[in-house]
Amino acid sequence: MAEIIGDREASLEPLKGKTIAVIGYGSQGRAQALNLRDSGLNVVVGVRPGGPSWKRAVEDGMKTLSIPEAVKIADVVMVLLPDMVQPKVWREQIEPNLRDGVTLDFAHGFTIHYGLIKPPSSVDVVMVAPKGPGQLVREEYLAGRGVPALVAVYQDASGSAWDTVLALAKGIGATRAGVIKTTFREETETDLIGEQTVLVGGLMELIRKGFETLVELGYQPEVAYFEVLNEAKLIMDLIWRYGITGMLERVSVTARYGGLTVGPQVIDERVKENMRRAAERVRSGEFAREWVKEYEGGMQRLSKLMDEMRRHSIEEVGARLRKIIFHEA
Ligand code: NAD
Ligand code: MG
């Protein structure tokens with residue numbers, strides 16, 4: 001059983017009187033910086049002077065510094081930059097300015113797990129990975145709740161890294177929803193495998209292939225769109241709220257019988273074999289190497305794939321129908 005830690009089991013004490021530098025003020029950076037500040041902690045933001053994130057941080061009343069300046073005064077350095085940007089900023093602006101005995105915190109384990117960043121052995125390396133987008137991390141905090149998170153310690157130089165990471169998780173509001181202890185490896189691999197096979201890759205392809213199947217059989221694209229894309233959200237909401245059986249209990253008995261008998265024939269063992277292959281590429285580091293190469297080469301394959309998706313007929317039908325559904329016409 002996973003160890004789940006709640007709000008009362010974590011204390012902010014280890015961070016009192018400490019300076020927390022949030023590096024990057026994007027989706028996670030802004031949300032985490034504001035939550036930590038509202039939890040009564042001392043937060044500074046490190047961003048590129050004059051850039052859009054700098055302006056946003058100043059507008060939010062944050063003490064805003066360049067990245068090297070923020071790192072120089074920090075006891076805790078939160079690296080909340082895009083994963084592919086982290087290695088270069090680490091080499092040029094973070095590592096040369098680190099104080100002794102600091103804590104380095106990440107929101108995803110990618111760069112540490114795959115060795116793109118190699119911190120000195122004298123620092124603590126920890127992670128609070130919220131299991132939700134930054135905007136929600138902020139909204140839930142303001143509503144008195146939190147987004148659950150995974151927490152991990154990669155390197156415990158001080159002997160008190162777990163106290164620090166739990167304090168950070170509490171300051172962000174994550175312990176209100178519960179945090180689960182994990183490792184950098186487990187967080188990184190499950191995150192990548194999950195987004196590739198189920199969340200981003202799996203759902204998208206399931207919907208696209210379902211749409212193509214209906215349209216190729218001669219049905220109207222608008223009808224196909226409502227059936228396999230629009231309604232997917234309504235079914236997902238039921239699964240999210242009530243679980244799979246709860247969803248099955250709330251659809252028609254015909255849908256329940258058809259789904260239970262035909263579902264495993266469509267998403268069959270071959271799909272699971274494909275998922276295992278994708279998982280293997282993540283676990284071996286092959287996917288990470290490919291992605292770093294693609295990023296460094298200018299991401300031409302990514303732009304091409306995005307263009308192809310943009311031009312797919314489900315997107316054309318969808319853009320038209322969403323104007324009606326969301327009264328944007
Ligand atoms: P983001 O793209 O929203 O924000 C990144 C910040 O970095 C911005 O302030 C941007 O201005 C700055 N930045 C970009 N390039 C830079 C450069 N070359 N030099 C200096 N600053 C630069 O990033 P994010 O989505 O918040 O991701 C941050 C971390 O959080 C990543 O490790 C990511 O995996 C993790 N994470 C994100 C989410 C999410 O909801 N987006 C969820 C969980 C974990
Ligand atoms: Mg992810």
Side-chain angles (χ1 to χ4, degrees), residues 21-36 43-60 62 64-71 77-95 97 104-114 116-117 125-141 146-152 154 168-169 172-174 177 179-180 182 184 186-204 278-279 282 287-288 291-292 295-296 299:
V22 173
I23 308 302
Y25 204 68
S27 173
Q28 287 297 330
R30 179 169 189 266
Q32 296 194 23
L34 290 171
N35 291 2
L36 290 165
V43 179
V44 303
V45 171
V47 281
R48 285 173 292 188
S53 295
W54 173 282
K55 293 201 183 87
R56 193 103 198 264
V58 170
E59 276 166 21
D60 288 339
M62 284 288 171
T64 308
L65 303 168
S66 72
I67 295 173
E69 283 170 339
V71 173
V77 176
M78 301 181 66
V79 185
L80 301 180
L81 302 162
D83 298 296
M84 289 298 122
V85 168
Q86 289 177 17
K88 187 164 187 277
V89 176
W90 164 259
R91 277 192 309 274
E92 295 172 357
Q93 302 185 65
I94 300 177
E95 191 175 23
N97 297 301
L104 272 182
D105 166 80
F106 294 84
H108 177 36
F110 195 98
T111 46
I112 290 289
H113 176 64
Y114 290 116
L116 304 173
I117 290 180
V125 182
V126 305
M127 168 170 57
V128 180
K131 290 285 103 181
Q135 195 181 326
L136 208 60
V137 169
R138 181 58 181 159
E139 284 169 11
E140 287 293 289
Y141 183 90
V147 168
L150 301 182
V151 291
Y154 179 78
L168 287 171
I172 292 162
V179 299
I180 301 180
T182 182
F184 272 61
E186 184 179 61
E187 187 278 335
T188 306
E189 293 178 354
T190 53
D191 189 80
L192 294 172
I193 296 166
E195 70 197 13
Q196 291 174 16
T197 65
V198 179
L199 306 176
V200 181
L203 282 177
M204 172 175 78
V282 166
F287 171 76
W291 171 219
V292 169
Y295 177 81
E296 288 175 348
M299 295 188 279

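Whatever order the structure lists ligands and atoms in, that order sets their numbers, starting from 1. The shown structure was predicted, so the numbers you read here are calculated from the model rather than taken from an experiment.
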(message) Return the CD1 to CZ distance between Ile23 and Arg48, rounded to the nearest 0.5 Å.
(response) 12.5 Å
(message) Looking only at N, O or S atoms, which one in Asp191 sits nearest to the Mg ion (ligand 2)?
(response) OD2
(request) Using a 4.0 Å heavy-atom threshold (strictly under), name the region of Ser53 that reaches ligand 1: side chain, backbone, both or neither. (result) side chain
(request) List the closest protein heavy-atom neighbour of atom 25 (O) of ligand 1: residue, atom name, distance to the nearest 0.1 Å. (result) Ser27 CB, 3.9 Å
(message) At under 4.0 Å between heavy atoms, is it the side chain or the backbone of Gln28 that contacts ligand 1, or both, or neither?
(response) both
(message) Show me which atoms of ligand 1 lie under 4.0 Å from any heavy atom of Asp83.
(response) 31 (C), 32 (O), 33 (C), 34 (O)
(request) Enter the distance from Met84:CE to Phe110:CZ here, rounded to the nearest 0.5 Å. (result) 4.0 Å
(message) Is it true that, when you exclude Glu139 itself, more than 12 heavy atoms of the residues, nucleotides or ligands shown sit nearer than 6.0 Å to its CD?
(response) yes
(request) Using a strict 4.0 Å cut-off to heavy atoms of Gln86, name the atoms of ligand 1 that fall inside it. (result) 32 (O)
(request) Nearest 0.5 Å please: distance from the OG1 atom of Thr197 over to the CG atom of Leu203. (result) 9.5 Å
(message) So does Leu116 get a backbone contact from the side chain of Thr111, meaning a donor-acceptor N/O pair under 3.5 Å?
(response) no
(message) At less than 4.0 angstrom from any non-hydrogen atom of Gly132, what atoms of ligand 1 do you find?
(response) 40 (O), 42 (C)
(message) Can you name the atoms of ligand 1, numbered from 1 with element, that are less than 4.0 Å from a heavy atom of Val85?
(response) 15 (N), 16 (C), 17 (C), 18 (N)
(message) Can you tell me which portion of Leu81 lies within the under-4.0 Å heavy-atom range of ligand 1? Options are side chain, backbone, both, or neither.
(response) both
(request) Going by heavy-atom distance to atom 7 (O) of ligand 1, choose the closest among Gly26, Pro82, Ala57. (result) Pro82
(message) Could you check whether any side-chain N or O of Gln86 sits under 3.5 Å from a backbone N or O of Leu81, counting only pairs where one atom can act as donor and the other as acceptor?
(response) yes
(request) Hey, could you give me the CG/OG distance between Asn97 and Ser66, rounded to the nearest 0.5 Å? (result) 8.0 Å
(request) Identify, for atom 22 (C) of ligand 1, the protein heavy atom at the shortest distance, and state residue, atom and that distance. (result) Arg48 NH2, 3.3 Å
(request) Drop me the distance from Glu296's CD to Trp291's CH2, to the nearest 0.5 angstrom. (result) 10.5 Å
(request) Select one of side chain, backbone, both or neither to describe which atoms of Val79 lie under 4.0 Å from any atom of ligand 1, heavy atoms only. (result) neither
(message) Need the ligand 1 atom indices (1-based, order shown) with element for anything under 4.0 Å from a heavy-atom of Val89.
(response) 19 (N)
(request) Check Glu195 and report its N/O/S atom nearest to the Mg ion (ligand 2), by atom name. (result) OE1
(request) Check whether any side-chain N or O of Asn35 sits under 3.5 Å from a backbone N or O of Ile172 as a donor-acceptor pair, and report yes or no. (result) yes
(message) If the cut-off is 4.0 Å to any non-hydrogen atom of Tyr25, which atoms of ligand 1 fall inside it?
(response) 6 (C), 8 (C), 9 (O)
(message) Could you tell me, atom by atom, which parts of ligand 1 come under 4.0 Å of a heavy atom of Gly134?
(response) 40 (O)
(message) Heavy atoms only: which of Gly109, Pro52, Pro130, Gly46 lies closest to atom 43 (C) of ligand 1?
(response) Pro130
(message) List ligand 1 atoms under 4.0 Å from Pro133, heavy atoms only on the residue side.
(response) 40 (O)
(message) Can you classify the ring geometry of Phe184 versus Phe106 as parallel (below 30°), tilted (30 to 60°) or perpendicular (above 60°)?
(response) perpendicular
(message) Within the structure, is a non-hydrogen atom of Gly51 found at a distance of less than 4.0 Å from ligand 1?
(response) no
(request) For side chain to side chain contact (heavy atoms under 4.5 Å, CB included), just list the numbers for Tyr25 and Asp60, CA-CA rounded to whole Å, side-chain angles, deciding distance to a tenth of an Å, and then say yes or no. (result) CA-CA 11 Å; Tyr25 204 68; Asp60 288 339; 2.7 Å; yes
(request) Please confirm whether the backbone N or O of Ile67 pairs with a side-chain atom of Gln93, one donor and one acceptor, at under 3.5 Å? (result) no
(request) Kindly compute the distance separating NE2 (His108) from CD (Glu187), expressed to the nearest 0.5 Å. (result) 5.5 Å
(request) Write out the residue and atom name of the closest protein heavy atom to atom 44 (C) of ligand 1, then the distance separating them to 0.1 Å. (result) Ala107 O, 3.4 Å
(message) Using a 3.5 Å cut-off on N or O atoms only, is Gln93 in polar contact with ligand 1?
(response) no
(message) Using heavy atoms and a 4.0 Å limit, tell me yes or no: is Lys88 in contact with ligand 1?
(response) no
